[in-house]
Protein chains: 2
Amino acid sequence: MGSPIYLTIVENIKTKINSGEIKPGDMIKSENALCEEYDVSRMTVRKSLTVLASEGYIYSVPGKGNFVNEPNQDKYILYFNEMNSIEGSIEDTQLLDVNIVKPTLEIIFNLQIPENKRVVLIRRVFINEGNPVAYDIKYIPYYRGMPIVEKEIHYATFPEIVSKKKSLFAINKELKIKVQKPDGKLKGILGIEDTEPVMVIEQKLLDEGNKPIGWGITYFKGDFFQLQAVSSFVDKSNIIY
Amino acid sequence: MGSPIYLTIVENIKTKINSGEIKPGDMIKSENALCEEYDVSRMTVRKSLTVLASEGYIYSVPGKGNFVNEPNQDKYILYFNEMNSIEGSIEDTQLLDVNIVKPTLEIIFNLQIPENKRVVLIRRVFINEGNPVAYDIKYIPYYRGMPIVEKEIHYATFPEIVSKKKSLFAINKELKIKVQKPDGKLKGILGIEDTEPVMVIEQKLLDEGNKPIGWGITYFKGDFFQLQAVSSFVDKSNIIY
DNA sequence: TAGTGGTCTAGACCACTAG
DNA sequence: TAGTGGTCTAGACCACTAG
């Protein structure tokens with residue numbers, strides 16, 4: 001009935017921070033002082049402070065106190081998936097080929113593999129309303145006996161391709177986002193002209209030890225591409241119930 | 001001395017999830033069962049579960065149990081700031097003008113203001129190694145007596161401009177990221193040709209009630225622009241100590 | 001030495017779920 | 001009705017900080 005005490009404390013302290021009554025760098029009241037102020041036990045106060053810390057409002061320094069954090073102005077949450085991050089989703093994909101190839105210097109660098117190690121090369125074209133909208137290249141280190149099932153590769157995102165065995169929880173990912181003018185090959189594949197810009201998304205997948213387990217580039221036709229991101233200071237996206 | 005019990009429990013459950021021993025959708029042991037397994041009090045078990053939930057591994061359904069989450073494959077953390085998100089930072093900015101203007105339909109729509117309301121228009125060019133690399137336009141709803149201090153605007157990021165009074169904690173932000181070919185005006189300002197792509201970043205700032213308090217677009221020369229994002233499933237960036 | 005936050009206990013009462 | 005997670009208490013001992 002009504003919101004719990006610890007959330008009331010959270011809201012009160014948030015209000016003080018949002019209004020500027022207490023500022024970044026300031027120490028807030030000690031846990032014992034808050035216990036007295038709200039007439040609650042210390043565990044309840046600590047629950048409130050845990051919430052405030054997880055939302056980025058405060059941090060604690062053991063032996064000293066709890067302090068108001070600097071707001072993280074520059075941090076956003078971005079949702080990206082090469083199969084549905086464009087205007088109007090991908091309707092179909094065309095699997096150009098799957099090959100086992102010698103790595104180029106660039107691939108050796110990005111996958112951190114020895115130069116005699118082979119890699120699986122997957123090339124796809126994404127189709128929207130009958131027209132090619134993206135050209136997609138993936139490299140995965142090859143090991144003997146690796147099952148490469150074309151049907152599975154066809155419609156899968158990169159993390160899905162790489163994680164056939166490994167849990168997706170264990171994969172770290174890095175994205176690089178840039179623009180370029182199309183070269184001759186891209187112009188042919190995407191059916192575009194010199195003046196049409198191309199959005200380039202580089203994806204790197206890493207295992208728990210940050211060893212690369214996949215590297216890929218997707219070239220999107222510029223007019224079919226838009227990414228969105230939202231400020232993340234209060235990130236409640238993990239809270240389902 | 002050594003890590004606390006609750007972190008041991010966290011690591012054990014993480015290992016079970018990462019190895020696939022327990023899968024997304026599965027219910028994990030009840031809190032009381034975990035109390036017995038580790039011979040600890042329920043509050044200690046709950047501390048562990050709170051950590052796992054905040055890192056996205058599990059979620060709880062009151063009355064039923066705790067469940068393994070679906071990994072959020074598509075979620076990334078992006079750091080963006082129009083003053084330092086390019087290759088080689090901005091060395092200087094040129095303030096083209098600050099004016100109070102009638103809003104266009106686009107501005108009315110994006111700032112959600114009445115059409116008779118005036119807006120402050122700020123136009124800047126960002127300079128790197130003596131050359132223009134970005135063209136930056138901001139719109140802020142104008143109110144009578146609003147102090148517009150050119151010195152403050154000159155080198156400030158958008159959140160800084162808008163938040164002179166309001167705490168940065170209270171501002172929500174939205175980014176849109178897209179590409180375009182340069183129009184005549186951009187070609188002149190950035191000194192580029194038709195074939196040079198332009199990265200377009202649209203920023204919208206909103207107050208606590210999600211009312212727009214600022215809207216702006218930055219046009220970056222494509223070859224000076226790259227964004228990076230990292231997977232965020234385990235987001236420890238708020239933990240300072 | 002007094003005060004701070006970190007960890008942990010052994011209980012309590014509650015609303016909710018599902019047989 | 002038995003079991004689950006959510007909130008809360010009133011204590012304890014610890015390492016660390018800073019005068």
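Convention: sequence-line order gives letters A, B, ...; per-chain numbering from 1.
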So, is [X] near the phosphate of [N], with a side-chain N or O under 4.0 Å from OP1 or OP2?
X	N	answer
Lys47(A)	dC8(D)	no
Asn66(B)	dT4(D)	no
Arg46(B)	dG6(D)	yes
Ser60(A)	dT4(C)	no

Ring pair (Phe, Tyr, Trp, His ring centres under 6.0 Å) partners for [X], two or more places apart:
X	result
Tyr142(A)	none
Tyr139(B)	Trp215(B)
Tyr6(A)	none

- Message: Tell me every residue that passes side chain to side chain contact (heavy atoms under 4.5 Å, CB included) with Thr15(B), counting only those two or more places apart in sequence or in another chain.
- Response: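 By the side chain to side chain contact (heavy atoms under 4.5 Å, CB included) rule, Thr15(B) matches no residue at all.
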Residue set satisfying side chain to side chain contact (heavy atoms under 4.5 Å, CB included) with Asp39(A), at least two apart, ordered chain then number -> none
Options dG5(C), dC8(C), dG11(C), nucleotide nearest the side-chain atoms of Tyr6(B):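 The answer is dC8(C).
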Out of dA10(C), dG5(D), dG11(D), minimum distance to the side chain of Ser41(B) belongs to dA10(C)
Parsed dot-bracket for DNA chain D after applying the Watson-Crick and G-U rules with both distances under 3.5 Å and | for other-strand partners is ||||||||||||||||||.
Are any protein N/O atoms closer than 3.5 Å to N/O atoms in nucleotides 16-19 of chain D? If there are, list each pair with its distance.
from: dA18(D); atom 1: OP1; to: Lys64(A); atom 2: NZ; distance (Å): 2.9

Stretch residues 22-39 of chain B: residues that reach within less than 4.0 Å of DNA chain D through a heavy atom |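 Those residues are Ser30(B), Glu31(B), Asn32(B).
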Let me know the distance between [atom1] of [X] and [atom2] of [N], rounded to the nearest Å.
X	N	atom1	atom2	answer
Arg42(B)	dT7(D)	CZ	C1'	9 Å
Tyr59(A)	dG5(C)	OH	P	13 Å
Met43(A)	dA12(C)	CE	P	17 Å

Exercise. Using a 4.0 Å heavy-atom cut-off across all strands, classify Ile5(B) as base, sugar-phosphate, or nothing.
Key: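 Sugar-phosphate: the residue Ile5(B), judged by heavy atoms under 4.0 Å, touches backbone atoms but no base.
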Test item: Glu55(A) side-chain N/O and Leu52(A) main-chain N/O as donor-acceptor pair under 3.5 Å:
no
query: Take atom CD in Glu36(A); do more than 12 heavy atoms of anything else shown fall under 6.0 Å from it?
result: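 For Glu36(A), atom CD is not crowded (no more than 12 foreign heavy atoms under 6.0 Å).
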Sequence neighbours left out, what passes side-chain hydrogen bond (donor to acceptor under 3.5 Å, both in side chains) with [X]? Give chain and number order.
X	value
Ser48(A)	none
Lys117(B)	none
Lys29(A)	Glu37(A)
Asp26(B)	none

